[in-house]
Amino acid sequence: MVGMKNITLESLDRSEALRYMGYGETAPDEKIMSEVRQCEKQLLAVIKPCFVYKVFDTEPAENGVALKGTTLILKGRDISEHLKGCEKCVLFAATLSFAADMLIRRYEATDMTKAVIADFLASAAVEQVCDIADKTVRTELEGYYQTWRFSPGYGDLPIDIQGEFLDVIDAGKRIGLNVTTGNILTPRKSVTAVIGLSKNKISKGRQGCALCNMKEVCQFRKRGEHCAF
């Protein structure tokens, strides 16, 4: 099963973007909020949010989980635990399109404050797209219990599977999403992730800081907060 959807965001999650910017209990002043509104308006005018997903049957493999009908193996102890009891999984990719990258680069040449604000707003926006993709999978695959999203590079799932990951869901052709030789997604404001599916109830399992490779240097943890995970 393959699904693809172009979506329209009516607004961006300002509160999440502000949290990324380090605003917690202290609210930003009106000058910052005015620039946030301007950047939000500009992003909404140019981005083209979309996502693609594909459902695969799974089977255990040495040091990981194999996706039937492909050569891709999701390697690692953490992804194996994440998909434990799941007979299927969804691979999906979401992006805001190159327009977000171009707008941020344009701001970088003219106004670094707006560049930073737009960058964080775009990060919040792509998470909104992921949430919509998550809900779409839940609706279209009714009858399955669903895990939370697990991305390459999270835990011990290697980041270098990005290329093959995108190939098996045809993300380059379907939504224009590719990866560099350094395993950086292009467009930059993009996300790939795995969602496990099971006919039986799934235990919540570990999530968040316990698995994150950035936990020792995470600025959210230093402030006593957490990111989208």
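For this chain, numbers begin at 1 and follow the sequence in order.
- A distance of 11.0 Å separates CZ in Arg37 from CD1 in Ile117, rounded to the nearest 0.5 Å.
- Side-chain atoms of Asp78 come within 3.5 Å of backbone atoms of Asp156 as a donor-acceptor pair (strictly under, hydrogens ignored).
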**Request:** Start with the C-alpha distance between Cys86 and Ile202, add both sets of side-chain angles, then the distance that settles side-chain contact (heavy atoms from CB on, under 4.5 Å), and finish with yes or no.
**Result:** CA-CA 8 Å; Cys86 295; Ile202 300 169; 4.0 Å; yes
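- Here the NZ-CD distance, from Lys31 to Glu35, works out to 4.0 Å after rounding to the nearest 0.5 Å.
- For the pair Lys199 and Tyr144, the distance from NZ or CZ to the six-membered ring centre is under 6.0 Å and the angle to the ring normal is within 45 degrees.
- Shown here are the side chain to side chain donor-acceptor pair (under 3.5 Å) partners of Arg174, two or more places apart in sequence or in another chain: there are none.
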**Asked** side-chain contact (heavy atoms from CB on, under 4.5 Å) between Tyr53 and Val137: does it pass, once the steps are laid out?
**Response** CA-CA 8 Å; Tyr53 72 88; Val137 170; 4.2 Å; yes
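- Using a 4.5 Å cut-off between side-chain heavy atoms of Ile, Leu, Val, Met, Phe, Trp and Tyr, with links allowed through other members, Phe92 and Ile159 fall into different hydrophobic clusters.
- Residues passing the side chain to side chain donor-acceptor pair (under 3.5 Å) test with Thr186: none are found, sequence neighbours excluded.
- Taking 4.5 Å as the limit, some side-chain heavy atom of Glu87 sits within range of a side-chain heavy atom of Ser198.
- Across all non-hydrogen atoms, the minimal contact from Ser11 to Leu44 is CA-CD1, 3.9 Å.
- Applying the side chain to side chain donor-acceptor pair (under 3.5 Å) test to Asp13 and every residue at least two apart in sequence or in another chain returns Ser15.
- Hydrophobic clustering of Ile, Leu, Val, Met, Phe, Trp and Tyr side chains at less than 4.5 Å, counting indirect connections, unites Val168 with Ile161.
- Using the six-membered ring where Trp is involved, His82 and Phe150 have ring planes that are tilted, between 30° and 60° apart.
- Between the side chains of Ser34 and Gln38, at least one donor N or O lies within less than 3.5 Å of an accepting N or O.
- In this structure, Val116 is a member of the same hydrophobic cluster as Leu12, with clusters built from ILVMFWY side-chain heavy atoms closer than 4.5 Å.
- Listed by chain and residue number, nothing satisfies the salt bridge (Lys or Arg N to Asp or Glu O under 4.0 Å) test with Lys201 (two or more places apart in sequence, or in another chain).
- In this structure, Leu74 CG and Ser80 OG are separated by 8.5 Å, a value rounded to the nearest 0.5 Å.
- For Lys88, the salt bridge (Lys or Arg N to Asp or Glu O under 4.0 Å) partners at least two apart in sequence or on another chain are Asp57.
- For Asp134, the salt bridge (Lys or Arg N to Asp or Glu O under 4.0 Å) criterion is met by Arg138, Arg149, not counting sequence neighbours.
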**Message:** Using the rule given for side-chain contact (heavy atoms from CB on, under 4.5 Å), can you reason through Leu83 versus Cys89, listing the C-alpha separation, both sets of side-chain angles and the distance that settles it, and then say yes or no?
**Reply:** CA-CA 8 Å; Leu83 296 177; Cys89 75; 4.1 Å; yes
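- By the side-chain contact (heavy atoms from CB on, under 4.5 Å) test, Tyr107 is found to be paired with Cys39, Gln42, Leu103, Thr110, Lys114, Ala115, Ala118, residues two or more places apart in sequence or in another chain being considered.
- Contact detail for Pro152 and Pro158: the closest heavy-atom pair is CB-O, 3.9 Å.
- Annotation for Ile169 and Ala93: closest pair CD1-CB, 3.8 Å, computed over non-hydrogen atoms.
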**Request:** Would you check, one step at a time, whether the test side-chain contact (heavy atoms from CB on, under 4.5 Å) holds for Leu91 with Ile195?
**Result:** CA-CA 7 Å; Leu91 268 57; Ile195 300 172; over 6 Å; no
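- Within the structure, the salt bridge (Lys or Arg N to Asp or Glu O under 4.0 Å) test picks out no pair touching residues 102-113 (sequence neighbours left out).
- Shortest non-hydrogen contact noted between Leu166 and Asn178 is CD1-C, 3.6 Å.
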**Prompt:** Can you check salt bridge (Lys or Arg N to Asp or Glu O under 4.0 Å) on Glu16 and Arg19, steps first, answer last?
**Reply:** CA-CA 5 Å; Glu16 191 71 354; Arg19 193 169 71 87; 2.8 Å; yes
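- Cluster annotation: Ile73 and Val55 are assigned to distinct hydrophobic clusters (Ile/Leu/Val/Met/Phe/Trp/Tyr, side-chain heavy-atom contacts under 4.5 Å, transitive).
- Every residue two or more places apart in sequence or in another chain was checked for a side chain to side chain donor-acceptor pair (under 3.5 Å) with Gln128, and none qualifies.
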Which donor-acceptor pairs under 3.5 Å do the side chains of residues 59-71 make with protein atoms, sequence neighbours left out?
{"from": "Thr70", "atom 1": "OG1", "to": "Leu67", "atom 2": "O", "distance (Å)": "2.9"}
{"from": "Thr70", "atom 1": "OG1", "to": "Leu72", "atom 2": "N", "distance (Å)": "3.0"}
{"from": "Thr71", "atom 1": "OG1", "to": "Glu164", "atom 2": "OE2", "distance (Å)": "2.7"}

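- Not a single donor-acceptor pair under 3.5 Å links the side chain of Ser190 to the backbone N or O of Leu177.
- Of the inter-residue distances, the one linking Asp160 atom CG with Phe165 atom CZ reads 13.0 Å to the nearest 0.5 angstrom.
- Using a 3.5 Å distance cut-off with no hydrogens or angles, the side chains of Gln162 and Thr192 do pair a donor with an acceptor.
- With hydrophobic clusters built from ILVMFWY side chains whose heavy atoms lie under 4.5 angstrom apart, Leu96 does not share a cluster with Ile104.
- Shown here is Met33, whose CE atom has more than 12 heavy atoms of other residues, nucleotides or ligands within 6.0 Å.
- Under the rule for a salt bridge (Lys or Arg N to Asp or Glu O under 4.0 Å), the partners of Asp119 that lie at least two apart in sequence or sit in another chain are Arg188, Lys189.
- Of all non-hydrogen atoms in Gly163 and Val179, the two that sit nearest each other are CA-CG1, 3.6 Å.
- For Lys5, the side-chain contact (heavy atoms from CB on, under 4.5 Å) partners are Ile7, Phe51, Thr136, not counting sequence neighbours.
- Taking the side chain as every heavy atom from C-beta outward, Pro28 and Val36 never approach each other to under 4.5 Å.
- When only modelled atom types and interatomic distance are considered, Tyr20 and Glu127 share no side-chain donor-acceptor pair under 3.5 Å.
- The two residues Val52 and Val2 make their nearest non-hydrogen contact at CG2-CG1, 4.5 Å.
- Rounding to the nearest 0.5 angstrom, the gap separating the CG atom in Leu43 from the CG atom in Leu9 is 10.0 Å.
- The shortest distance between side-chain heavy atoms of Pro49 and Asn6 does not fall below 4.5 Å.
- To the nearest 0.5 angstrom, Ile32 atom CD1 is 10.5 Å from Glu30 atom CD.
- With respect to Glu81 and Arg77, no salt bridge is recorded, no charged nitrogen being found less than 4.0 Å from a carboxylate O.
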